Amino acid sequence: MLNPWLGAKEDGSLPRPRKIGFWFALAALLLRPLLMLLTKRDWRGTEHIPREGGFIVAANHISYFDPIALGHFLYDNGRLPRYLAKSGLFTIPVLGSILRSMGQIPTYRGTKDAARSLRDAVAAVRRGECVIILPDGTITRDPDLWPMVGKTGVARVALTTGAPVIPIAQWGPQEVLSPYSKKLELLPRKTMRIKAGPPVDLSEFAGQELTGPVLRAATDKIVAAIVEQLEELRGEKAPPERYDMRKTGVPETGNPAKRQRGRR
C-alpha cells in the first residue's frame with residue numbers, strides 16, 4: 001500500500017518508475033517524426049535535465065500546443081513527461097484510459113478532490129518520475145503572454161518531496177496554435193524555443209511548515225526562475241508586476257475572451 005504523500009510502500013521502499021508502455025511508445029513513434037518534420041527546434045539548457053531520479057518541471061503555459069512541444073523536448077532528453085492534466089480529459093472514453101496508461105495525472109481544480117492531484121504528483125516524483133506542473137494553472141491571461149502569479153501546488157510538491165525543480169521556458173508553441181485557437185498554423189515551419197535552467201534553490205524553505213506565506217514565497221521564486229529563462233528566449237524584459245487573475249476578476253477556466261463577449 002502506498003503512503004499517499006511520500007509515495008513509499010509500508011516497508012519504506014519506493015516503487016519503480018513506470019516503463020514507457022504501449023501508448024507512450026506509440027505516441028512517440030507517431031508524433032516525433034511529425035514534429036521533426038513540421039517544426040524547428042532551438043533547445044537550450046539540456047544539461048540541466050536530470051538523467052535519473054524524480055524531479056519537477058515548472059514551465060510557462062502559452063498554448064494548447066505546449067504539452068506536445070515540451071514533451072518532445074523532455075523525451076528527446078531521456079525523460080518521460082508526466083503531466084497534471086484536467087480531470088475532464090480522463091472521463092472521455094478511450095482517451096481517459098490512454099492518459100492513465102501513460103502515467104498522466106488528473107487535476108481536480110476547484111473541487112474537494114484537488115489535494116488528490118498533489119498527492120499523486122508527490123507519489124510520482126517519489127517514484128522517480130519527471131512530473132510537469134504549470135504554475136499558471138491555465139493558459140496565461142497576460143496580454144503579452146508572460147507568466148502570471150503562480151499557483152502554489154508546484155511549491156507544495158517540491159517542498160514535500162525535496163526533489164529538484166527545473167524551470168523551463170517555452171516560446172513558439174503559440175505560433176502553431178494561438179491561445180484558445182483550434183486552427184493549427186504549421187507552415188511556414190515554426191521554431192520551438194525551449195530553455196531549461198538550473199534547479200531552483202529552495203533551501204531557505206527546507207524544514208519549514210508549509211504555511212500559505214511559505215508556499216507563496218517558494219512559488220514566487222520558482223516563477224521568477226521561469227521568467228528569467230523566458231526573458232533570454234524572447235530577448236526582452238518581463239513587466240515588473242506579474243498578472244494576477246484574482247485582482248482582475250478574469251475567470252480561471254475557459255476562454256476569457258469568449259466569456260467577455262457573452263456578457264455584452
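Just so it is clear, the structure is predicted and the values come from calculations on it, not from any experiment.
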Same apolar cluster: [X] and [Y], side chain cutoff 4.5 Å:
X      : Y      : value
Val200 : Val214 : yes
Leu233 : Ile62  : yes
Leu118 : Ile133 : yes
Ile132 : Leu80  : no
Leu215 : Val165 : yes

Counting only N and O atoms by type, is there a donor-acceptor contact under 3.5 Å from the side chain of [X] to the main-chain atoms of [Y]?
X      : Y      : answer
Arg100 : Phe90  : yes
Asp136 : Met148 : yes
Arg193 : Leu230 : no
Ser63  : Ser178 : no
Gln170 : His61  : no
Arg127 : Val122 : no
Ser101 : Ile98  : yes
Arg41  : Thr39  : yes
Tyr75  : Ala28  : no
Glu204 : Leu202 : no

(request) Check each of Glu231, Glu232, Glu228 against Lys237 using the salt bridge (Lys or Arg N to Asp or Glu O under 4.0 Å) test, and report the only one that passes. (result)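 The single option meeting the salt bridge (Lys or Arg N to Asp or Glu O under 4.0 Å) with Lys237 is Glu231.
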
Minimum heavy-atom separation for [X] to [Y], with atom names?
X      : Y      : result
Ile49  : Ile166 : CD1-CG2, 4.3 Å
Tyr83  : Gly71  : OH-N, 3.1 Å
Pro199 : Pro164 : CB-CB, 4.3 Å
Ile226 : Pro135 : CD1-CG, 4.0 Å
Ala163 : Gly54  : CB-O, 3.8 Å
Ser117 : Ile105 : O-CG2, 3.9 Å

Side-chain touch [X]/[Y], heavy atoms, less than 4.5 angstrom:
X      : Y      : value
Leu34  : Leu30  : no
Val176 : Met192 : yes
Trp146 : Glu236 : yes
Val131 : Leu84  : yes
Cys130 : Leu74  : yes
Phe65  : Ser181 : no
Leu145 : Pro179 : yes
Asp144 : Pro239 : no

(request) Start with the C-alpha gap between Tyr243 and Thr140, add the side-chain angles, then the distance that decides, and say whether side-chain contact (heavy atoms from CB on, under 4.5 Å) holds. (result) CA-CA 9 Å; Tyr243 190 93; Thr140 179; 5.6 Å; no

(request) Please say whether more than 12 non-hydrogen atoms of neighbouring residues, nucleotides or ligands are located less than 6.0 Å from CD in Glu52. (result)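 At most 12 heavy atoms, drawn from other residues, nucleotides or ligands, come within 6.0 Å of this atom.
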
(request) Might you confirm whether atom NZ of Lys190 has over 12 heavy atoms from other residues, nucleotides or ligands at distances under 6.0 Å? (result)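 Counting neighbours around NZ of Lys190, more than 12 heavy atoms of other residues, nucleotides or ligands fall under 6.0 Å, so yes.
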
(message) Run the side-chain contact (heavy atoms from CB on, under 4.5 Å) test on Thr152 and Arg216 for me, step by step, so that the C-alpha distance in whole Å, both residues' side-chain angles and the decisive distance to 0.1 Å come before the verdict.
(response) CA-CA 6 Å; Thr152 59; Arg216 171 50 51 203; 3.5 Å; yes

(request) Determine, for Arg44 against Asp42, whether the closest basic-nitrogen to carboxylate-oxygen distance falls under 4.0 angstrom. (result)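 Yes.
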
Roughly how far apart are [X] [atom1] and [Y] [atom2], rounded to 0.5 Å?
X      : Y      : atom1 : atom2 : result
Asp66  : Gln174 : CG    : CD    : 8.5 Å
Leu31  : His72  : CG    : NE2   : 9.5 Å
Arg126 : Thr161 : CZ    : OG1   : 5.5 Å
Phe73  : Thr46  : CZ    : OG1   : 6.0 Å
Met36  : Asp76  : CE    : CG    : 6.5 Å
Leu38  : Leu184 : CG    : CG    : 9.5 Å

(message) For Ile222 and Thr219: C-alpha separation, side-chain torsions, deciding distance, then whether side-chain contact (heavy atoms from CB on, under 4.5 Å) applies.
(response) CA-CA 5 Å; Ile222 292 169; Thr219 300; 5.6 Å; no

(message) Which label fits Tyr64 and Tyr180: parallel for a plane angle under 30°, tilted from 30 to 60°, or perpendicular past 60°?
(response)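 It falls in the perpendicular class, over 60°.
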
(message) Evaluate Gln229 against His48 for side-chain contact (heavy atoms from CB on, under 4.5 Å), listing each step before the verdict.
(response) CA-CA 12 Å; Gln229 310 310 313; His48 297 304; over 6 Å; no

